[in-house]
Undergrad: 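Quick one: the structure is below, questions incoming.
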Amino acid sequence: MRRWSLAGQMLVLQLLVVAVTVAGLAVLALVQAHELLTDEASSKARAVAVSVAASPSVLAALDDPNPSVRLQPYAEQVRHQTGVDFITIMKPDGTRYTHPNPAEIGKHYLGHTERALAGETFTETYTGTLGESRRVVTPVMSDGRVRALVSAGITINKISARVRDQLAWGGLIVALALSLGAAGTWLVTARLRRQTHGLGPVELGRIHEHHDAVLHAVREGLLLVGKDGTLTLCNDAARMLLGLPADAEGRHVDELGLSEVLADDDERVHLVGDRVLAVNSAASRLGTVVTVRDHTELQALTGQLDAERDFADSLRSAAHEAANRLHTVITLVELGRTEQAVALGTAELRAAQELTDRVVGAVREPVLAALLLGKSAEAAERGAELVISQDSELDDLGLDPRELVTIVGNLIDNAIDAASRVEVHLSAGGGEVLIRVADNGPGPADPQAFEKGWTTKGDGRGLGLALVGQAVRRLGGTIDVKGSVFTVRLPVPERVR
């Protein structure tokens, strides 16, 4: 059986709350109305009894042989005018002078009179000849003594009748309140049903658990930026990759320093700290969805692969040139010019061997040596000269070869693009590795040269020098630029010292 949706459960719950609340208020109002009407009856009875007891005509009538003759019409007149149910004037011993029922005149009063005989006016509820009533008894005083007693009261039935009249109006108000509450609850429930898609609490809880599990387990960074620029969602991977604080959610992207990273809609590579990040943004109805992937390792491997590809290309180019020269030598031999053939072959072999010996002898880190040989051939193809300084000497000191390829390869590429002669110096000493790349060009004049996007080409897509700066920071080194001379100092790992 399908469970109730959250909206349905909320509808029933809210209706119950509204019904209980309104019913409780109705009962409270009914009790208060009964108390107010009872107090009102007591006040009216007190006012009438005190007024009658203070009337001079009552005192005058008490001196007559038969006081009832004058007091009965007077009491009935006052009773009809004030709306009380009875006014009883009696002797101090309780014998009635007046009563709404003339047959009760002369009989004994039903009720308490002791406090009134003591000169006190008091109120009580008592059942008399007219039924249960709320009555007030007060003395008629003359010359400091009690001449008679007056009791005025209103029956409980009359008070209850007024309460029932109030109850009818209260019922109408309760029905109206229930109707309005039910209508408001239905509107709220309808909105809730649209927002929860009619799902129940179990399904919503399961969706939240899945969402939370996926959000925190996925290795890609995920952010959701509202249309006002506020970061509304950020998973653990995004916090780590972008270096965001724990309270990043709810803050503006400008405050978090993400404006530049989130500026592009298409996928772009950004440098954030020591990481190379691929950031992809896409608009949605909730704002902008941003995915962040760590390409640091991939970028390093790509740089190493590029170096090896350059080296392979240089070998193919050298093989092509060697084939040309070999054909030339063979032709010279066939023409009988043996001495010229030997001289040409010896010169080519000597030049290639000298370059290889110089690089391999100076640099004993195999990946870096291969990079330099490849860059030498690439420079020659592009009409530039790459020179390894005579005093260069660098052993394999345990530095990450991928980082070395990134640093040396990008510095050489940048120099070849800007000049016709490039000189590379590599050495180690004093607990540090020294890498110096100089060219005969003008050098960068912009202090932002090692920031992402700087380039001499002016297209805003420069990444090489930014990667160099990032790799140097990762290795804990420093980089210095003076004119066209780039000097990198890297600490030697402790285990090698």
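Nothing fancy with the numbering, it's 1 onward along the sequence.
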Undergrad: Does Asp93 offer a backbone N or O that forms a donor-acceptor pair with the side chain of His108 under 3.5 Å?
TA: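 Such a contact is found between His108 side chain and Asp93 backbone.
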
Undergrad: Do Lys482 and Thr487 touch side chain to side chain, with heavy atoms closer than 4.5 Å?
TA: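 Sidechains of Thr487 and Lys482: no contact.
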
Undergrad: Heavy-atom distance under 4.5 Å between the side chains of Val437 and Val485, does that happen here?
TA: no

Undergrad: Which value, rounded to the nearest 0.5 Å, describes the distance between Arg473 atom CZ and Ile479 atom CD1?
TA: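 Result: 9.5 Å between the selected atoms.
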
Undergrad: Which atom names give the shortest non-hydrogen contact between Ala49 and Val150, and what distance separates them?
TA: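 Where Ala49 meets Val150 most closely, the heavy atoms are O-CG1, 3.9 Å.
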
Undergrad: Side chains of Thr88 and Ser151: donor-acceptor distance under 3.5 Å anywhere?
TA: no

Undergrad: Find out whether Thr38 and Arg134 are in side-chain contact, i.e. whether some heavy atom of one side chain is under 4.5 Å from a heavy atom of the other.
TA: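 In contact.
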
Undergrad: Taking side chain as C-beta onward, heavy atoms only, is Ser68 less than 4.5 Å from Thr98?
TA: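 Sidechains of Thr98 and Ser68: no contact.
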
Undergrad: Looking at every non-hydrogen atom in both residues, tell me the closest pair between Pro139 and Thr121 and how far apart they are.
TA: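 Heavy-atom minimum between the residues: CD-OG1, 4.0 Å.
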
Undergrad: Does Tyr126 have any ring-ring contact (aromatic ring centres under 6.0 Å, His included) partners at least two apart in sequence or in another chain, and if so, which?
TA: His112

Undergrad: Hey, mind stepping through Lys91 and Tyr97 against side chain to side chain contact (heavy atoms under 4.5 Å, CB included) and telling me if it holds?
TA: CA-CA 7 Å; Lys91 294 180 180 181; Tyr97 288 134; 3.0 Å; yes

Undergrad: Hey, could you give me the CE/CD1 distance between Met90 and Ile105, rounded to the nearest 0.5 Å?
TA: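 Met90 atom CE to Ile105 atom CD1 measures 12.5 Å (nearest 0.5 Å).
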
Undergrad: Carefully, step by step, assess Asn66 and Asp64 under the rule side chain to side chain contact (heavy atoms under 4.5 Å, CB included).
TA: CA-CA 5 Å; Asn66 186 7; Asp64 294 344; 5.9 Å; no

Undergrad: Can you find a pair of side-chain heavy atoms, one from Val225 and one from Thr230, that are under 4.5 Å apart?
TA: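 No, every pair of side-chain atoms sits at 4.5 Å or beyond.
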
Undergrad: Look up atom CD in Glu132 and atom OG1 in Thr127, then write down how far apart they are to the nearest 0.5 Å.
TA: 4.5 Å

Undergrad: Verify, without hydrogens or angle tests, whether Asn410 (side chain) and Thr406 (backbone) share a donor-acceptor contact under 3.5 angstrom.
TA: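 Flag set: sc Asn410 to bb Thr406 pair under 3.5 Å.
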
Undergrad: Determine, for Asp39 against Lys44, whether the closest basic-nitrogen to carboxylate-oxygen distance falls under 4.0 angstrom.
TA: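 Looking at Asp39 and Lys44, the cut-off is not met.
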
Undergrad: Side chain of Asn101, backbone of Ala103: donor and acceptor closer than 3.5 Å?
TA: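 Yes, Asn101 side chain to Ala103 backbone: donor-acceptor pair under 3.5 Å.
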
Undergrad: Can you tell me how far apart CG (Asn414) and CD1 (Ile412) are? Round to the nearest 0.5 Å.
TA: 11.0 Å

Undergrad: Might you point out which heavy atoms bring Leu404 and Ile435 nearest each other, and give the distance in Å?
TA: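 That would be CD2-CD1, 4.2 Å.
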
Undergrad: Sort out for me which residue in His99, Lys107, Glu104 forms a side chain to side chain donor-acceptor pair (under 3.5 Å) with Thr129.
TA: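 Option passing the side chain to side chain donor-acceptor pair (under 3.5 Å) with Thr129: His99.
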
Undergrad: Return the minimal non-hydrogen interatomic distance between Arg135 and Gly111, and the atom names on each side.
TA: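 Nearest heavy atoms, Arg135 then Gly111: NH1-CA, 4.0 Å.
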
Undergrad: What pair of heavy atoms forms the shortest contact from Ser57 to Arg70, and how long is it?
TA: O-NH2, 4.3 Å

Undergrad: Evaluate the side-chain proximity of Val52 to Val78: yes if any heavy-atom separation is below 4.5 Å, no if none is.
TA: yes

Undergrad: What is the minimum heavy-atom distance between Arg147 and Pro92, and which atoms define it?
TA: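 Between these two residues, the closest heavy atoms are O-CD, 3.4 Å.
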
Undergrad: Just verifying a value: how many Å separate Thr138 OG1 and Glu120 CD, rounded to the nearest 0.5 Å?
TA: 9.5 Å

Undergrad: Establish, from distance only, whether the side-chain atoms of Asp85 and Thr155 form a donor-acceptor pair under 3.5 Å.
TA: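 Yes - a donor-acceptor pair under 3.5 Å links their side chains.
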
Undergrad: Going through the distances and angles, do Leu411 and Val488 end up as a side chain to side chain contact (heavy atoms under 4.5 Å, CB included)?
TA: CA-CA 10 Å; Leu411 288 177; Val488 176; 4.0 Å; yes

Undergrad: Could you measure the distance from the CD1 atom of Ile156 to the OG atom of Ser133? Nearest 0.5 Å is fine.
TA: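 Output value for this atom pair is 7.0 Å.
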
Undergrad: So do the side chains of Val468 and Phe486 get within less than 4.5 Å of each other, counting heavy atoms only?
TA: no

Undergrad: Before you tell me yes or no, could you show the steps for Thr95 and Tyr109 under side chain to side chain contact (heavy atoms under 4.5 Å, CB included), namely the whole-Å CA-CA distance, both residues' side-chain angles and the distance that decides it to 0.1 Å?
TA: CA-CA 6 Å; Thr95 304; Tyr109 171 75; over 6 Å; no

Undergrad: Hey, is the main chain of Gly106 close enough, under 3.5 Å, to the side chain of Arg96 for a donor-acceptor pair?
TA: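 No, because the side chain of Arg96 does not come within donor-acceptor range (under 3.5 Å) of the backbone of Gly106.
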
Undergrad: Are the side chains of Ile407 and Leu490 in touch, meaning some heavy atoms are under 4.5 Å apart?
TA: yes

Undergrad: Can you tell me which residue among Val146, Leu62, Leu149 is in a side chain to side chain contact (heavy atoms under 4.5 Å, CB included) with Val140?
TA: Leu62

